[in-house]
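Only this structure's heavy atoms are used, side chains among them; waters, hydrogens and symmetry mates stay out. One-based numbering along the sequence shown.
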Amino acid sequence: NLIALFDYHDPLVRTAIWELKFRGNRAVAALLAEVLFDELTAELSEREIFENFEKPLLVPIPLSRKRQRERGFNQCEILLNELAKLDTGKIFEIKKNLLIKNRDTSSQTKTDSRASRLKNLRGAFAVSESAASAGPATGRNIIVIDDVATTGATLNEAMKTLRRAGTKKVLGFALAH
C-alpha cells in the first residue's frame, strides 16, 4: 500500500524535491501536486469501485516541533495546500493535524539500513489528542503523503500508527523513492 511516483535518482526529480523540501518553493509544489493529483484520482477511482475507498483523509507526514521550527514549514503540508486547490470535486478531505511526530528523530538519511531506520522511527508518531477525541480517523480511509520514501520506514510507521487508531484502510503516497 505504498505508491511512489518518481525515481529520486533522476536529477530533475531530486532538484524539484530539494526545492520543495528545503526552500518551500510553492511553484515547484504546484507542479508536483498536479502530477500527484492525477495519480491520486486514478488510484482512487479504481479503489472506490473495488475496495469502497471513498472520500479519504489526506494526511501529511508531520515534522517534529524542532524540525518544523528550524525549517519554518512542512513541505508535505505545502504539497497538500496545492492539492486542495486542485480538488474542485472534493474527492478527499485534508487533515493536517491528525498525525503528529511526538519526538525528534535522527534524519533518516543519516541511518545506514532499513532496520536502523525502522528502529529510529519506532513510536515516533501519534494521533493528536484533539483529533482522537473528535474521532476523525476511526473508520475512515486515509492516504498519508510524504516527499521521499527511501525504504518506506517513515510511511510504514505513520500508517501503523493510524491503523492502531481505528482507520478503515491506509495508503501511503510519496513523490519519489
Side-chain angles (χ1 to χ4, degrees), residues 1-47 51 53 56-64 67-68 71 73-87 91-96 98-101 105-118 120-122 124-125 137 140-163 167 169-177:
N1 288 329
L2 296 176
I3 298 166
L5 305 183
F6 302 109
D7 183 347
Y8 189 69
H9 294 98
D10 180 305
L12 184 60
V13 170
R14 185 179 303 180
T15 299
I17 289 174
W18 272 70
E19 281 292 317
L20 171 63
K21 188 170 193 150
F22 298 110
R23 293 193 176 142
N25 187 320
R26 295 189 192 288
V28 168
L31 292 172
L32 291 169
E34 283 185 42
V35 177
L36 182 56
F37 184 78
D38 289 344
E39 196 65 34
L40 276 169
T41 54
E43 187 70 26
L44 288 175
S45 67
E46 190 173 304
R47 287 181 185 263
E51 300 176 27
F53 198 95
L57 296 176
L58 263 56
V59 176
I61 287 291
L63 296 177
S64 68
R67 182 99 12 101
Q68 180 92 25
R71 199 173 285 169
F73 58 88
N74 178 334
Q75 68 277 8
C76 294
E77 287 184 9
I78 291 172
L79 194 59
L80 262 61
N81 290 340
E82 296 301 324
L83 283 170
K85 292 175 188 176
L86 298 169
D87 186 26
I91 60 171
F92 50 76
E93 183 182 343
I94 293 175
K95 283 286 185 197
K96 293 180 190 172
L98 178 63
L99 193 62
I100 58 171
K101 192 164 186 188
T105 57
S106 302
S107 171
Q108 290 293 84
T109 59
K110 294 180 178 146
T111 55
D112 58 354
S113 69
R114 179 166 168 69
S116 60
R117 286 174 183 234
L118 289 169
N120 183 41
L121 286 169
R122 195 166 292 125
F125 297 109
R140 293 293 304 265
N141 293 312
I142 296 182
I143 299 174
V144 183
I145 305 291
D146 200 1
D147 53 359
V148 179
T150 306
T151 63
T154 302
L155 280 167
N156 276 323
E157 187 65 26
M159 291 165 62
K160 192 184 327 175
T161 301
L162 290 165
R163 278 190 211 100
T167 59
K169 188 163 200 146
V170 185
L171 300 176
F173 265 80
L175 292 173
H177 65 87

Novice: Tell me the closest heavy-atom pair linking Phe22 and Phe73, and the distance in Å.
Specialist: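 Closest pair (atom of Phe22, atom of Phe73, distance): C-CZ, 3.8 Å.
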Novice: For Val28 and Asn25, work out which heavy atoms get closest and say how close.
Specialist: N-OD1, 3.0 Å
Novice: Under the side chain to side chain contact (heavy atoms under 4.5 Å, CB included) criterion, do Leu58 and Leu40 qualify, and how do the steps go?
Specialist: CA-CA 10 Å; Leu58 263 56; Leu40 276 169; 4.0 Å; yes
Novice: I need the minimum non-hydrogen distance between Leu79 and Ala29, along with the two atoms involved.
Specialist: CD1-O, 3.7 Å
Novice: Determine whether a donor-acceptor pair (N or O, by modelled atom type, separation under 3.5 Å) exists between the side chain of Asn74 and the backbone of Ile61.
Specialist: yes
Novice: Does the side chain of Lys101 reach to within under 4.5 Å of the side chain of Leu121, using non-hydrogen atoms?
Specialist: yes
Novice: Kindly check if the number of other-residue, nucleotide or ligand heavy atoms within 6.0 Å of CD (Glu46) is above 12?
Specialist: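 Atom CD in Glu46 is not packed in, count stays at 12 or less.
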Novice: Quick one: CG on Asn156 to CE on Met159, what's the gap to the nearest 0.5 Å?
Specialist: 6.0 Å
Novice: As an exercise, state the distance from OG1 of Thr151 to NE2 of His177, rounded to the nearest 0.5 Å.
Specialist: 13.0 Å
Novice: Leu175 and Leu20: side chain to side chain contact (heavy atoms under 4.5 Å, CB included), yes or no, with the steps?
Specialist: CA-CA 11 Å; Leu175 292 173; Leu20 171 63; 3.9 Å; yes
Novice: Leu80 versus Phe92: any side-chain heavy-atom pair under 4.5 Å?
Specialist: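 Sidechains of Phe92 and Leu80: no contact.
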Novice: Walk me through whether Asn81 and Lys96 qualify under side chain to side chain donor-acceptor pair (under 3.5 Å).
Specialist: CA-CA 10 Å; Asn81 290 340; Lys96 293 180 190 172; 2.3 Å; yes
Novice: Could you grab the distance from atom CZ of Phe173 to atom CG of Asn1, nearest 0.5 Å is fine?
Specialist: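 If we round to the nearest 0.5 Å, Phe173:CZ and Asn1:CG are 10.0 Å apart.
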Novice: Could you grab the distance from atom CG of Asn141 to atom CG of Leu162, nearest 0.5 Å is fine?
Specialist: 12.0 Å
Novice: If we only count heavy atoms from C-beta on, is the Leu44 to Pro56 side-chain gap below 4.5 Å?
Specialist: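 They are in side-chain contact.
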Novice: Return the CD to CG distance between Glu93 and Asp87, rounded to the nearest 0.5 Å.
Specialist: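 Going from CD on Glu93 over to CG on Asp87, the span is 10.5 Å.
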Novice: Quick one, Val35 with Phe6, criterion side chain to side chain contact (heavy atoms under 4.5 Å, CB included). Give me CA distance, side-chain angles, the key distance, then yes/no.
Specialist: CA-CA 10 Å; Val35 177; Phe6 302 109; 3.6 Å; yes
Novice: With the side chain counted from C-beta on, respond yes when Phe125 and Thr154 share a heavy-atom pair under 4.5 Å apart, and no when they do not.
Specialist: yes
Novice: Out of Leu171, Val170, Asp146, which residue meets the side-chain contact (heavy atoms from CB on, under 4.5 Å) rule with Leu155?
Specialist: Asp146
Novice: Taking everything shown except Arg23 itself, do over 12 heavy atoms lie less than 6.0 Å from its CZ?
Specialist: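 Result for CZ/Arg23: open.
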Novice: Just do the side chain to side chain contact (heavy atoms under 4.5 Å, CB included) check on Lys21 and Arg71 with the steps written out, would you?
Specialist: CA-CA 9 Å; Lys21 188 170 193 150; Arg71 199 173 285 169; 3.8 Å; yes
Novice: Supply the atom-to-atom distance Ile3 CD1 to Leu36 CG, rounded to the nearest 0.5 angstrom.
Specialist: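 So the CD1 of Ile3 and the CG of Leu36 are separated by 10.0 Å.
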Novice: For the residue pair Leu99 and Ile142, establish whether any side-chain heavy-atom pair is separated by less than 4.5 Å.
Specialist: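 In short, these two side chains do not touch, never coming nearer than 4.5 Å.
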Novice: Could you tell me whether Arg26 atom CZ has more than 12 heavy atoms of other residues or ligands within 6.0 Å of it?
Specialist: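 Counting neighbours around CZ of Arg26, 12 or fewer heavy atoms of other residues, nucleotides or ligands fall under 6.0 Å, so no.
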Novice: Which heavy atom of Ala4 sits nearest a heavy atom of Ala176, and at what distance?
Specialist: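 That would be CB-C, 4.0 Å.
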